[in-house]
Amino acid sequence: MIKVLFFARLREELGIDGLQWPWQAGMTLAELLSQLQGQGEPWASCLAQPNLLTAVNQAIVDSQELLADGDEVAFFPPVTGG
Amino acid sequence: MLQHFQPYDGQSDEYPTGAIVSFSGLVRDFNERPEVTALTLEHYPGMTEKVLHQLLLEAQTRWQLQDALVVHRVGRMLPGDIIVFVAVASSHRKDAFAACEYIMDMLKTRAPFWKKEETDNDSYWVDARESDAEAAAAWLKAHDGHRQ
């Protein structure tokens, strides 16, 4: 399974802070994103935001990142701390 | 998050630190809208600590530092409250100023914090600023990291 987390505006728009998603061998971050978007609205539009950031195991990565079973994947908007 | 690069053991009679620079970031009563009444900071527990620690280590590779500290609050705050505090100790003031600015510029674009502002009748997520992204990018372009 993949542990999926959502933060800030994205968490509010989706109405959920996280979920477990089935892992498949050879799965990339882009494929996970596509499967999540396939759940219809609001997933499709919320996860299509162009400036969305993604982290795997708490490090920012790009969409070609290969996922392993048990990975923690987070989706979030650009950061605004400090 | 505190990183001792040259820990003082209490036994040495050497005093290499010649400069300590600190930065405090406060909640303003204006930002995207004119009358901000409160601010709530959300973060990504776990990743936040990793990124802040990484920023301190990066600063040490660019400048000669004895200590570096970053403290960042989360949760609900009011105007005038301190959100973030960065302090850097170095032998030279230029290194201390530069490292402090570097840590803040990088924190602004890489540390997973998100601000939600409140006014009397509304609340909204603060948008990321292009100027913050440009400030971070400028550091990455500077090969040696020193602004001589």
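Proteins come first, then strands; the chains are lettered A, B, ... in the order of their sequence lines, and each starts at number 1.
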Chi angles and distances behind the side chain to side chain contact (heavy atoms under 4.5 Å, CB included) call for M47(B), I60(A)
CA-CA 10 Å; M47(B) 182 171 169; I60(A) 301 272; 3.8 Å; yes

Keeping T80(A) on the side-chain end and A128(B) on the backbone end, is there a donor-acceptor pair under 3.5 Å?
no

Using side-chain heavy atoms (C-beta onward) and a distance below 4.5 Å, is F7(A) in contact with H43(B)?
no

Which answer fits N51(A), side chain, backbone, both or neither, if we ask what part of it has an atom under 4.5 Å from a heavy atom of chain B?
neither

How about residues 17-31 of chain B versus chain A: which residues have heavy atoms under 4.5 Å apart?
none

Check whether I83(B) and I103(B) end up in the same hydrophobic cluster, where Ile, Leu, Val, Met, Phe, Trp and Tyr are linked by side-chain heavy atoms less than 4.5 Å apart.
yes

Co-membership, hydrophobic cluster, residues M104(B) and L56(B), 4.5 Å side-chain
yes

K116(B) side chain vs R9(A) backbone, donor-acceptor pair below 3.5 Å
no

To check you understand the geometry: which heavy-atom pair defines the closest contact between A74(A) and Y44(B), and what is its length?
CB-CE1, 3.4 Å

Honestly curious: do L107(B) and F97(B) fall in one hydrophobic cluster under the side-chain, below-4.5 Å linking rule?
no

Is the shortest heavy-atom distance from the side chain of W114(B) to the side chain of R11(A) under 4.5 Å?
no

Determine whether more than 12 heavy atoms belonging to other residues, nucleotides or ligands lie under 6.0 Å from atom CD of E35(B).
no

Which region of D127(B), side chain (C-beta onward) or backbone (N, CA, C, O), has a non-hydrogen atom less than 4.5 Å from a non-hydrogen atom of chain A, or is it both or neither?
both

V36(B) and V126(B): same hydrophobic cluster, using ILVMFWY side-chain contacts below 4.5 Å?
no

Contact part of R110(B) toward chain A, heavy-atom cut-off under 4.5 Å: side chain, backbone, both or neither?
backbone

Quick check on L53(A) against chain B: is it the side chain, the backbone, both or neither that has a heavy atom closer than 4.5 Å?
neither

Do you reckon W23(A) sits in the same ILVMFWY cluster as L66(A), going by side-chain contacts under 4.5 Å, direct or chained?
no

